Amino acid sequence: MKMKFNDYFETIPHLKTDRLILRAFCSDDIETYLRIIHDPQVQQFLGGGVSLFNKEPHISNWLNNVNGRLLKTKTVFTWCVELKRENKVIGRIDLGGFVKKSMAEISYYFSPEYWGMGFATEAVKEVTRFGFDDLRLHRMQAMVMSENIPSLKVLKKAGFTEEGVLKKYLFGKEFHDTVMLAVVREQNLN
Ligand SMILES: CC(C)(COP(=O)(O)OP(=O)(O)OC[C@H]1O[C@@H](n2cnc3c(N)ncnc32)[C@H](O)[C@@H]1OP(=O)(O)O)[C@@H](O)C(=O)NCCC(=O)NCCS
């Protein structure tokens, strides 16, 4: 029998692509994850919106939240992105902000060491597939700072289209020109 929307929020769904595994974060991943997220190149277009921490008890709190509370409350799926061939954590991707079990928002952060190799696009395509085929969402969207050219490219390669620019909109903790992109599957509207 086909799973329903609510059934997917028991554990972080395990997803696979040709080169990547998308799975739950565990404590062994944290050192690499924190190195990625603290990198100024990664922070450049986030407007201070991604929480930075590097010590206990914040680490355990964060893990408990992403794998527990935020999942059980159907707030967000936070996946650790692992590169199969190196068994290495190379990024994070989220699908959250669910509205009426039908709309959601995607965001992602990858290690600069692995930029430009198509990994973000591969992960976004798989999460988009999961959103449409499994969760049966009708719309997925993403907000991107207008200067973040690589991220705009990722989303367009994954099938998203630009819907407009929100002038000096709240992005993270700051105000920036922000591009709204989305991909829609009308058949999933009921
Ligand atoms: C945006 C991001 C996820 C892209 O990751 P990635 O794995 O390099 O993405 P892909 O390789 O799938 O595609 C990136 C595209 O941008 C291009 N690109 C990569 N780095 C670039 C750079 N520094 N300047 C310009 N273009 C760049 C790539 O060549 C590629 O375009 P192409 O297919 O036309 O060659 C990554 O840069 C990142 O983690 N940035 C910091 C966090 C962030 O901004 N997240 C998005 C928030 S909305």
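What you see is a predicted model, and the numbers here were worked out from it, not measured in a lab. Here, residue 1 is the first one in the sequence, and each next residue gets the next number.
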Separation of I30 CD1 from R35 CZ (nearest 0.5 Å): 12.0 Å

Nearest-0.5 Å distance, CE of residue M140 to CZ of residue R185: 7.5 Å

V66 with F53, same ILVMFWY side-chain cluster at under 4.5 Å: yes

Close side-chain approach of Y109 to I37, heavy-atom, < 4.5 Å: yes

Gap separating the OG atom of S146 from the CG atom of L152, nearest 0.5 angstrom: 8.0 Å

Expected output: side-chain K84 to main-chain I21 donor-acceptor under 3.5 Å: no

Residue pair R23, D29: steps toward the salt bridge (charged side-chain N to carboxylate O under 4.0 Å, His left out) verdict: CA-CA 11 Å; R23 56 162 177 80; D29 306 320; 2.9 Å; yes

Cluster link L22 to M117, ILVMFWY, side chain under 4.5 Å: yes

Heavy-atom check, side chain of L20 versus side chain of I90, under 4.5 Å: yes

Working for side chain to side chain contact (heavy atoms under 4.5 Å, CB included), residues R19 and E82: CA-CA 9 Å; R19 296 178 295 169; E82 182 182 320; over 6 Å; no

Closest approach of A158 to V124 (non-hydrogen atoms, all atoms of both residues): CB-CG1, 3.6 Å

Candidate pair K55 and E31, rule salt bridge (charged side-chain N to carboxylate O under 4.0 Å, His left out), full reasoning: CA-CA 10 Å; K55 289 199 184 72; E31 197 183 323; over 6 Å; no

Minimum side-chain heavy-atom gap L63-C26 below 4.5 Å: no

Partners passing salt bridge (charged side-chain N to carboxylate O under 4.0 Å, His left out) against D7 (at least two apart in sequence or in another chain): none

Heavy-atom side-chain contact between T73 and F9 under 4.5 Å: no

T17: which of E122, K125, E126 passes side-chain hydrogen bond (donor to acceptor under 3.5 Å, both in side chains): E122

Closest heavy-atom pair and its distance - H176, T178: O-OG1, 2.9 Å

Side-chain (N64) to main-chain (S60) donor-acceptor, under 3.5 angstrom: yes

Hphob cluster co-occupancy, Y169 + L181, side-chain heavy atoms under 4.5 angstrom: no

Test side chain to side chain contact (heavy atoms under 4.5 Å, CB included) applied to Q141 and M103, step by step: CA-CA 8 Å; Q141 64 184 43; M103 288 190 4; 4.2 Å; yes

Sidechain-backbone polar pair: D94 side chain, T78 backbone, donor-acceptor under 3.5 Å: no

Which atom of A142 lies closest to which atom of L155, heavy atoms considered: CB-CD1, 3.6 Å

Side-chain heavy-atom pair K2, R136 within 4.5 angstrom cut-off: yes

Non-hydrogen atoms of F119 and R85 that approach each other most closely: CZ-NH1, 4.2 Å

L137 to N188 - nearest heavy-atom pair and separation: O-ND2, 2.7 Å

Hphob cluster co-occupancy, I36 + L46, side-chain heavy atoms under 4.5 angstrom: yes

Pairwise side-chain contact, P112 with D39, heavy-atom cut-off 4.5 Å (strictly under): yes

K72 NZ: over 12 foreign heavy atoms closer than 6.0 Å: yes

Heavy-atom neighbours of H58 NE2 exceed 12 at 6.0 Å: no

Residues T128, F160; criterion side chain to side chain contact (heavy atoms under 4.5 Å, CB included); working and verdict: CA-CA 10 Å; T128 307; F160 286 63; 3.6 Å; yes

Reported CE-to-OG distance for the pair M145 and S151, which is rounded to 0.5 angstrom: 10.5 Å

Side-chain touch I12/N67, heavy atoms, less than 4.5 angstrom: yes

Side chain D177, main chain K168, donor-acceptor under 3.5 Å: yes

Full working for side chain to side chain contact (heavy atoms under 4.5 Å, CB included) between L166 and M143: CA-CA 9 Å; L166 309 167; M143 310 269 262; 3.9 Å; yes

Common cluster, F171/V50, ILVMFWY with side-chain heavy-atom separation under 4.5 Å: no

Ring centres under 6.0 angstrom apart (W62, F25): yes

Nearest-0.5 Å distance that lies between atom CE in M3 and atom CD in E10: 8.0 Å

side-chain hydrogen bond (donor to acceptor under 3.5 Å, both in side chains) between Y33 and R92, worked out: CA-CA 8 Å; Y33 169 67; R92 163 183 167 189; 2.6 Å; yes

Euclidean distance, L135 CG relative to K4 NZ, rounded to 0.5 Å: 14.0 Å

Any Y108 side-chain heavy atom under 4.5 Å of V127 side chain: no

Nearest non-hydrogen partners of E86 and Y114, listed with the distance: OE1-OH, 2.6 Å

Given F77, F130, F98, the one that forms ring-ring contact (aromatic ring centres under 6.0 Å, His included) with Y8: F130

